[in-house]
Amino acid sequence: MEISAKYSPAETEGKWYKYWMEKGFFHSEPDEREPYTIVIPPPNVTGVLHMGHMLNNTIQDVLVRRARMTGKNACWVPGTDHASIATEAKVVSKLKAEGIEKESLTRSEFLAHAWEWKEKHGGIILEQLKKLGASCDWERTKFTMDQPMSQAVINTFVYYYNKGLIYRGIRMVNWDPVGQTAVSDEEVIHRETKSKLYYLKYYISENGKPGSDFVTIATTRPETIMADTAICIHPQDTRFTHLQGKKVLIPLVNREIPIVLDEYVSMDFGTGCLKVTPAHDINDYEIGLRHNLPVIDILDNFARLNDKAQILIGEERFAARKKIVSMLNEQRHLVKEEDYISQVGYSERTDAVIEPKLSLQWFLKMDKAAIPALEVVMNNKIKLIPEKYKNTYRHWMENVKDWCISRQLWWGQQIPAWYLPDGKVVVARSPEDALEEARKIDPNVCIDDLKQDEDVLDTWFSSWLWPVSVFDPGKPGFPGKTPNEELAYYYPTNDLVTAPEILFFWVARMIMAGGEFCSDVPFRNVYLTGIVRDKQGRKMSKSLGNSPDPVKLIEEYGADGVRVGMLLCSSAGNDILFDETQVEQGRNFANKIWNAYRLVKGWNIGESESQPEHSIKAIEWFDNLLSESIETINDHFAKFRLSDALMHIYKLFWDDFCAWYLEIVKPVYGGEIDKATLESTILFFDKLLRLLHPFMPFLTEELWQNLTEREKGESIMVSSQPDSKSFNGTVLEKFALAKDAIAGVRNIRQSKGISPKESLDLHVKGNLDAGLYTTVRKMANIGNIYLFSQSSDLVSGASFMSGTTEFFVPLEGLTDISEEIKKAEAELDHLHGFLKSVNAKLGNEKFVANAPGHVVEMEKKKQSDAQTKISALEKLIQDLKKQ
RNA sequence: GGGAGCAUAGCUCAGUUGGUUUAGAGCAUCUGCCUUACAAGCAGAGGGUCGGGGGUUCGACUCCCUCUGCUCCCACCA
């Protein structure tokens with residue numbers, strides 16, 4: 001059978017994914033085995049796969065596949081997040097493109113459009129994950145707005161409300177006057193913006209009339225002076241002591257406002273006088289709270305001045321700014337203006353300048369919940385990987401603020417609060433329950449009198465329940481309730497793989513909800529991936545256009561190649577600088593494995609062939625090496641060092657298995673292989689494929705299926721990880737020396753321009769295992785191997801050393817003796833330097849007295865080895881010089 | 001402004017409670033090879049004194065201080 005010289009992933013990937021699905025290998029049901037559970041960080045339902053997802057989900061799949069192969073009942077729960085802001089924005093802009101304004105629709109009409117959109121675009125990302133090979137239990141796919149999941153959110157709200165932890169309060173939100181919505185802090189982009197700092201005169205009031213004295217304030221927003229409710233100075237500022245207790249008049253409108261004292265003011269910025277505008281600046285709002293100042297909001301939702309401004313009513317804020325500056329100038333209130341650069345917030349979606357706006361929002365108290373959630377991380381009940389994030393986590397948890405859980409949107413779980421005609425509020429799980437509650441307040445009220453709160457809940461308010469509600473949506477909100485079988489079995493989950501930037505938004509809150517409703521942590525380990533950046537270190541983003549399309553990458557390089565490429569360069573918590581050459585490396589590796597398979601499959605057994613000594617030795621060596629490697633790999637996995645584990649297997653396969661093992665046991669062209677060697681080789685190959693499977697699921701399945709006869713329905717993904725046996729270090733050391741001998745001869749060939757086809761002899765003085773002679777002969781094309789005791793016995797040739805073993809290759813007439821001498825002298829120099837440093841240590845009494853015994857022993861061994869080598873080299877140089 | 005982290009070969013990174021040869025890997029580079037598994041390959045080689053300075057120690061890439069540069073988080077001074 002002819003096998004192609006290149007591996008073509010496209011032909012195999014779809015086939016095996018279908019096979020795995022058909023056999024139900026991804027599906028998990030509770031049973032007597034130990035569970036291994038991961039819940040996916042749910043991507044936005046209408047999102048598409050980006051490089052961050054690729055990395056994140058590759059890591060999860062590696063962990064899940066490995067767990068499945070170590071006897072665990074592995075369950076990876078997939079799903080999507082309704083992502084209220086992002087999804088609603090997409091639906092709004094889609095409708096706009098069709099000429100439909102959101103404002104013209106009722107809530108239910110809009111939601112119908114949104115669901116339609118979700119049905120059409122939702123889940124694309126999950127299909128893309130399948131291309132990557134993700135072994136999710138698709139039968140368990142969840143969506144945060146599935147009815148039971150949504151009910152869990154409502155139940156949770158009611159639970160916390162009844163506990164007195166949810167309240168309504170005024171808060172400054174980021175208002176997007178173009179998008180007509182509040183946006184979260186994460187959706188505000190701060191950019192340095194050129195503006196002006198205006199210095200304005202406020203006259204001191206004398207019985208409501210401007211006096212002769214005045215204060216000068218500096219502001220970037222003169223159009224908001226009509227909303228001023230105080231002037232603020234620092235209590236220790238002696239320049240203004242005489243003004244304490246006085247009042248000033250706002251220019252143009254002549255409203256009288258007090259001068260208040262607050263340490264918030266910096267004495268050395270601007271003029272040291274600050275105008276306080278509580279409605280339009282968060283800091284001013286807080287000053288206002290401290291001094292009981294009124295709040296005057298002079299802007300409408302489109303950021304136009306309203307009638308409270310008294311002047312310039314109806315003008316848009318920036319137009320108003322221009323006009324008011326000239327008005328102030330005319331009336332001689334403008335002292336001067338300066339160019340000024342400040343950080344201004346812009347809406348990520350509309351690029352409008354964000355307007356801080358006061359509004360009534362729902363909050364969840366966080367201080368109490370934060371305490372146990374901090375503790376479980378600090379005491380390692382939940383481990384953060386890498387550990388450095390513990391600091392960041394603690395910092396946030398110790399300064400936790402109440403959580404604003406309401407959003408002025410329609411797409412999401414509507415807040416289950418109903419208002420009575422008199423404004424009183426009831427909170428309940430359903431309209432019926434709400435009516436019942438309402439009647440306790442007012443027996444005459446009927447359902448039509450109740451008006452439900454317009455806002456929806458923050459998306460994180462549903463995702464924080466995710467590890468609980470995917471198994472038992474009836475549990476959140478009911479801490480005392482017995483968990484269902486699924487939750488009891490799968491919770492706590494094992495590992496969570498996510499990005500550090502949502503450590504607080506999501507991870508911390510899951511820990512709180514899990515603790516509250518299940519009295520246990522939601523997961524044991526949190527593996528934090530880095531951000532995928534481009535070669536220049538820039539974050540990958542649509543607007544920069546520097547993000548490759550993951551699906552195209554998979555088509556071009558194969559899913560296995562992409563997985564390997566991403567993983568090779570990604571240690572936990574470090575950003576990864578993505579470069580397509582890494583994916584190329586992954587593809588090349590897949591091809592290497594493919595070709596190793598081609599080689600082995602091409603071998604025919606010669607029944608009469610006896611097993612050559614070099615094959616016996618190679619098998620013994622590789623068997624020991626494999627055991628040692630498995631131990632190393634297990635250790636890497638135990639510490640979540642996935643890229644180290646992969647790199648170890650990479651080298652084990654490419655260097656040790658292909659370049660050494662296969663080359664040694666390979667029969668001469670046209671020859672046949674003995675049965676024992678072929679069987680061992682196939683067994684090694686099988687083990688290597690199983691080690692590789694979590695990283696390269698498709699290729700390993702393809703080869704594993706064909707390596708030997710398999711039972712129908714078998715699969716590498718439900719086989720097992722190879723076990724390590726105890727290994728013999730001496731075998732490995734002896735082989736290492738033989739490898740050095742071979743490399744030494746090859747080096748001589750290269751530097752002297754001797755063809756590999758020309759047979760050479762080798763003289764050895766030292767410990768080269770006689771059992772490995774045939775190996776050296778075959779691999780270095782050596783005719784005879786001789787032992788020698790005196791280098792003076794040898795004439796023209798080249799020499800090298802490995803450890804304390806000396807090697808000599810006779811080369812008649814080919815050698816430039818002076819060059820040999822030069823080489824030996826350079827090495828001698830190096831050894832002298834080395835010996836000097838060792839001697840210095842051993843000559844230091846304090847070292848000998850204080851260093852542990854084994855360290856001193858080691859140094860002594862180094863010393864004697866170096867001395868042996870030096871004398872050998874000196875002898876060699878002497879002999880060479882005689883010629 | 002506050003806090004955290006990082007700085008090791010051209011690039012991306014290891015270096016596991018300071019002590020196995022005066023630092024390792026992969027990629028890239030250079031040299032020689034189309035050798036019948038693989039040029040997406042084979043064989044060989046070169047390359048860093050661990051950001052600068054100081055300190056602790058018998059011993060520092062590893063611990064402490066300091067300077068420089070970069071990154072992130074938080075607050076963003078009217």
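What you see is a predicted model, and the numbers here were worked out from it, not measured in a lab. Just so we're on the same page: letters track the sequence lines, and every chain starts at 1.
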(request) May I ask you to list the residues of residues 657-665 of chain A, by number, that have any heavy atom positioned under 4.0 Å from an atom of RNA chain B? (result)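 Of all residues in residues 657-665 of chain A, the ones placing a heavy atom under 4.0 Å from RNA chain B are A/Cys658, A/Ala659, A/Glu663.
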Between [X] and [N], is there a side-chain N or O to OP1/OP2 distance below 4.0 Å?
X	N	answer
A/Lys846	B/U57	no
A/Trp654	B/C42	yes
A/Lys275	B/C77	no
A/Asn747	B/A45	yes

(message) Would you compute the distance between atom CD1 of A/Ile754 and atom CG of A/Leu811 and round it to the nearest 0.5 angstrom?
(response) 4.5 Å
By nearest atom, which of the nucleotides [options] is closest to the [X] side chain?
X	options	value
A/Gln750	B/G26, B/C58, B/G32	B/G32
A/Asn283	B/C76, B/C42, B/G26	B/C76
A/Phe847	B/G19, B/G44, B/G26	B/G19

Once you apply a heavy-atom cut-off of 4.0 Å, does [X] come out as touching a base, just sugar-phosphate, or nothing?
X	answer
A/Arg641	base
A/Gly602	nothing
A/Pro852	base
A/Asn844	sugar-phosphate

(message) Let me spell it out: for each of A/Glu859 and A/Tyr7, pick the nucleotide of RNA chain B with the closest heavy atom. Which residue's pick is nearer the 5' end?
(response) A/Glu859
(message) Between A/Lys639 and A/Tyr650, which residue's closest nucleotide on RNA chain B lies nearer the 5′ terminus?
(response) A/Lys639
(message) Whether the side chain of A/Lys841 and the base of B/C58 hold a donor-acceptor pair under 3.5 Å is what I'd like checked.
(response) no
(message) Any N or O donor-acceptor pair under 3.5 Å from the base of B/A40 to the side chain of A/Arg587?
(response)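 For A/Arg587, whose side chain was compared with the base of B/A40, there is a donor-acceptor pair (under 3.5 Å).
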(request) Kindly state whether the pair A/His395 / B/C74 counts as stacked, where counting means centroids closer than 5.5 Å and planes tilted less than 30° apart. (result)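 Per 5.5 Å and 30° rule: no stacking.
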